Trainee: 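What follows is a structure written as structure tokens; I'll ask about it next.
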Amino acid sequence: MSDEDILFEVLESHLDTGMRGIPVGTCGTSFVDPIDGVHYAGYPIADLADIDPEDAAFLLFNKKMPDENESKNWKENLAERATIPADSLAIFDAIGEGQGHPMDWLSMGIMSLARAENEDDVAADAMNLIAWMPELMARLFMSRGGRGSLSNPSNPSLGMAGNFVSMLGMEGENAVRAERILRSFLVLHMDHGGGNLSTFAGKAVASSRSSLFASIASAMNALSGPLHGRANQSCLEFVQKVGTSDSTEVEAFVRGELAAKRPIFGFGHAVLRAEDPRATVQMKIGEEVCPDDPLFATVRTLRDVAPRVLGENPKISNPNANVDLVSGTLLYNAGFRKPEYYTTFFGWARVIGISAQIVDERNARGGKGVPIYRPKYIARDQPVRRL
Ligand code: AMX
């Protein structure tokens, strides 16, 4: 690419559109193809669904799949870092059981770990935060749920998903199912290119050389919005509201929602123009772990019916299933019965991808880092005036 290549011509009609589609930088961790979905360092996401989440993290940071030795060393490195600094997360005892949204707890939890920042070593901070996330998440769930301290102490040798499930005190078949679902959830949600709001927000804050913790907390705050990460909470609530898996009834429900100008959750996407491969993968997992679950049966029928109904409206660019159609139902089957927590799982996964992108941006320009973000806003209706 030469300096002269015109990638995009900014027209007046592009202003005030949320910078939709306007190129602003480069991203080495992942790219999103409108048809084939997200690829991590070139690998289509569907090929990665069953790998260890730790290996997916290695891939995003190193842009290559780890060999056996690299995978072992990487996991040991994370395990060695896993002890949360003493007295951190005391904030969770202070907020009060059930108060505030879990995403606010996640953000505050991450900020409370900033006291252990390594100055000028964003890569070390990223590794530490990734290593601390399973315990942070477990303590968030226990404290906010009023369930006291961890059921079992942190045991990083179980892997990030297994350790979290164990700290919550899940056992037997339930623990196995929860870990299976969570492992793939984490891998599928880690990264989605550079321009989604939470990633962009995290990188923009990081560009001022703010700490990794402040940058990631900002990203989590962006993710917490109902138009972004909190959509996975809304999707499960929507599937519960459908309340049937009968095709005719589901179709009538979908048409009724559209007539009432309400969105059909779990369908459509700003960039993708086919079914999200992450939805396809999760449908397969659902068929494996909970084929007879009534909620999953509703999802199965919605996936058959809704694209046809939505497709009748030519304005809708993509009537097909997105990642959120199935993820909430799987988490519900994993034993996580409160949808308000679902976005924290999304946040946990994104901590990894966004951290990898922040490290890349700090290493840019021969280690100088990307310049501080400074897009231009054009003045509107403000003639110069004098008092
Ligand atoms: N239900 C109802 N209307 C929909 C729709 C859906 N599933 N998908 C698109 N539309 C509407 C849009 O609201 C828009 O209407 P408008 O012109 O009156 O504003 C029109 O169709 C054109 O939209 P688009 O260009 O196809 O998509 P978009 O980029 O504006 O919106 C999205 C994308 C995801 C917000 C939208 O598809 C939607 O609201 N889906 C339902 C909610 C959902 O599942 N969100 C999770 C998305 C996955 C994710 O990113 N986490």
Side-chain angles (χ1 to χ4, degrees), residues 13-14 16-22 30-35 37-38 45 103 185-186 188-201 219-242 250-283 295 298-299 301-331 339-340 342-350 353-354:
S13 59
H14 291 117
D16 297 324
T17 60
M19 294 184 277
R20 200 156 282 237
I22 298 178
S30 66
F31 65 84
V32 183
D33 178 87
I35 306 297
V38 69
I45 192 66
M103 281 304 283
F185 182 97
L186 288 171
L188 296 175
H189 285 79
M190 276 182 195
D191 212 41
H192 211 247
N196 62 84
L197 181 68
S198 49
T199 305
F200 183 75
M220 295 301 111
N221 294 338
L223 191 68
S224 73
L227 295 185
H228 193 10
R230 211 183 285 191
N232 70 355
Q233 167 181 340
S234 311
C235 278
L236 194 263
E237 289 161 352
F238 178 81
V239 172
Q240 287 173 322
K241 197 170 130 192
V242 177
V250 169
E251 180 165 342
F253 181 89
V254 168
R255 290 190 186 282
E257 292 296 288
L258 289 174
K261 307 266 180 250
R262 286 191 288 266
I264 307 306
F265 285 93
F267 296 88
H269 200 272
V271 177
L272 297 176
R273 291 296 170 259
E275 177 168 284
D276 189 333
R278 298 171 301 172
T280 316
V281 164
Q282 291 187 104
M283 283 305 296
L295 277 179
T298 300
V299 165
T301 310
L302 271 170
R303 185 190 185 211
D304 281 344
V305 168
R308 178 168 45 80
V309 178
L310 291 169
E312 291 168 8
N313 180 351
K315 261 191 359 183
I316 299 181
S317 331
N318 178 10
N320 300 297
N322 62 48
V323 65
D324 291 324
L325 173 66
V326 208
S327 60
T329 298
L330 291 185
L331 290 173
E340 75 256 34
Y342 291 0
T343 313
T344 63
F345 290 119
F346 189 174
W348 176 6
R350 279 294 157 92
I354 299 172

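Every number for a ligand or one of its atoms is a count from 1 in the order of the listing. Not measured: the values here are computed from a predicted model. Side-chain atoms are counted along with the backbone in the values below, which use heavy atoms only and exclude waters and symmetry mates.
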Trainee: I'd like to check which ligand 1 atoms, numbered from 1 as shown, lie under 4.0 Å from a non-hydrogen atom of Ala231.
Mentor: 45 (N), 46 (C)
Trainee: Backbone N or O of Val323 within a donor-acceptor pair of the Gln282 side chain at under 3.5 Å?
Mentor: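 Yes; at least one donor-acceptor contact below 3.5 Å.
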Trainee: How far is atom 1 (N) of ligand 1 from its nearest protein heavy atom, and which residue and atom is that?
Mentor: Ile264 N, 2.9 Å
Trainee: Identify, for atom 27 (O) of ligand 1, the protein heavy atom at the shortest distance, and state residue, atom and that distance.
Mentor: His269 O, 4.3 Å
Trainee: Out of all atoms in ligand 1, which are within 4.0 Å of some heavy atom of Pro263? Include the element for each.
Mentor: 1 (N), 2 (C)
Trainee: Is there a side-chain contact between Glu237 and Phe265 in this structure, where contact means two heavy atoms from C-beta onward sitting under 4.5 Å apart?
Mentor: no
Trainee: Got a donor-acceptor contact below 3.5 angstrom from the Ser30 side chain to the Gly193 backbone?
Mentor: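 Side chain of Ser30 to backbone of Gly193, a donor-acceptor pair under 3.5 Å: yes, one is there.
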Trainee: Ignoring hydrogens, just give me the one of Asn322, Val323, Leu272 whose non-hydrogen atom is nearest atom 43 (C) of ligand 1.
Mentor: Asn322
Trainee: Just need the protein heavy atom nearest to atom 22 (C) of ligand 1, so name the residue and atom and give the distance.
Mentor: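 Protein heavy atom with the smallest distance to atom 22 (C) of ligand 1: Lys315 O, 3.3 Å.
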Trainee: Going by heavy atoms in the side chains, are Val38 and Asp191 under 4.5 Å from each other?
Mentor: no
Trainee: List the closest protein heavy-atom neighbour of atom 49 (C) of ligand 1: residue, atom name, distance to the nearest 0.1 Å.
Mentor: Asp324 OD2, 3.7 Å
Trainee: At a 4.0 Å threshold, what atoms of ligand 1 neighbour a non-hydrogen atom of Phe265?
Mentor: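 The list of qualifying atoms is 42 (C), 44 (O).
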Trainee: Once you restrict to heavy atoms under 4.0 Å, what part of Asn232 touches ligand 1? Side chain, backbone, both or neither.
Mentor: neither
Trainee: Could any protein non-hydrogen atom be found less than 4.0 Å from atom 47 (C) of ligand 1?
Mentor: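 Answer yes: something from the protein, a heavy atom, is under 4.0 Å.
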Trainee: Using modelled atom types only, decide if a donor and an acceptor are shared between the side chain of His269 and the backbone of Asp276 within a distance under 3.5 Å.
Mentor: no
Trainee: Output the distance between atom CZ (Phe346) and atom CE (Met220), rounded to the nearest 0.5 Å.
Mentor: 9.0 Å
Trainee: Less than 4.0 Å from atom 31 (O) of ligand 1, is there any heavy atom belonging to the protein?
Mentor: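 Protein heavy atoms within 4.0 Å of atom 31 (O) of ligand 1 - there are none.
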Trainee: Give the atoms of ligand 1, by number and element, whose distance to some non-hydrogen atom of Arg20 is under 4.0 Å.
Mentor: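 This gives 29 (O) as the contact atoms.
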Trainee: Within the structure, does at least one protein heavy atom fall under 4.0 Å of atom 35 (C) of ligand 1?
Mentor: no
Trainee: Mind checking the CG-NE2 spacing from Leu223 to His189? Nearest 0.5 Å is all I need.
Mentor: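 With rounding to 0.5 Å, CG (Leu223) is 9.5 Å from NE2 (His189).
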Trainee: Among all protein heavy atoms, pick the one closest to atom 40 (N) of ligand 1 and tell me residue, atom and distance.
Mentor: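 Ranked first by proximity to atom 40 (N) of ligand 1 is Phe267 O, 2.9 Å.
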Trainee: Ignoring hydrogens, just give me the one of Leu258, Asn196, Ile316 whose non-hydrogen atom is nearest atom 9 (C) of ligand 1.
Mentor: Ile316
Trainee: Just heavy atoms, cut-off under 4.0 Å: does His189 contact ligand 1 by side chain, backbone, both, or neither?
Mentor: neither
Trainee: Give me the one residue out of Asp324, Asn320, Leu302 that meets side chain to side chain contact (heavy atoms under 4.5 Å, CB included) with Phe267.
Mentor: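 Result: among Asp324, Asn320, Leu302, Leu302 is the only option passing the side chain to side chain contact (heavy atoms under 4.5 Å, CB included) with Phe267.
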Trainee: Mind checking what makes salt bridge (Lys or Arg N to Asp or Glu O under 4.0 Å) contact with Glu275, not counting sequence neighbours?
Mentor: Arg303
Trainee: Please check this pair: side chain of Arg273 against backbone of Ile35, looking for a donor-acceptor N/O pair closer than 3.5 Å.
Mentor: no
Trainee: With a 4.0 Å cut-off, would you call Arg255 and Glu251 a salt bridge?
Mentor: yes
Trainee: Within 4.0 Å of atom 13 (O) of ligand 1 (strictly less), any protein heavy atom?
Mentor: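 So far as the 4.0 Å threshold goes, atom 13 (O) of ligand 1 is out of reach of every protein heavy atom.
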Trainee: May I ask you to identify the nearest protein heavy atom to atom 44 (O) of ligand 1, giving residue, atom name and distance to one decimal place in Å?
Mentor: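 The closest heavy atom on the protein side is Gly266 N, 2.7 Å.
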Trainee: Sequence neighbours left out, what passes ring-ring contact (aromatic ring centres under 6.0 Å, His included) with Tyr342? Give chain and number order.
Mentor: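 Expected list: none.
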Trainee: Which atoms of ligand 1 are found less than 4.0 Å from any heavy atom of Gly268?
Mentor: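 It comes down to these atoms of ligand 1: 34 (C), 37 (O).
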Trainee: Would you mind telling me if ligand 1 is within reach of the side chain of Ser317, the backbone, both or neither, using heavy atoms under 4.0 Å?
Mentor: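 Both parts.
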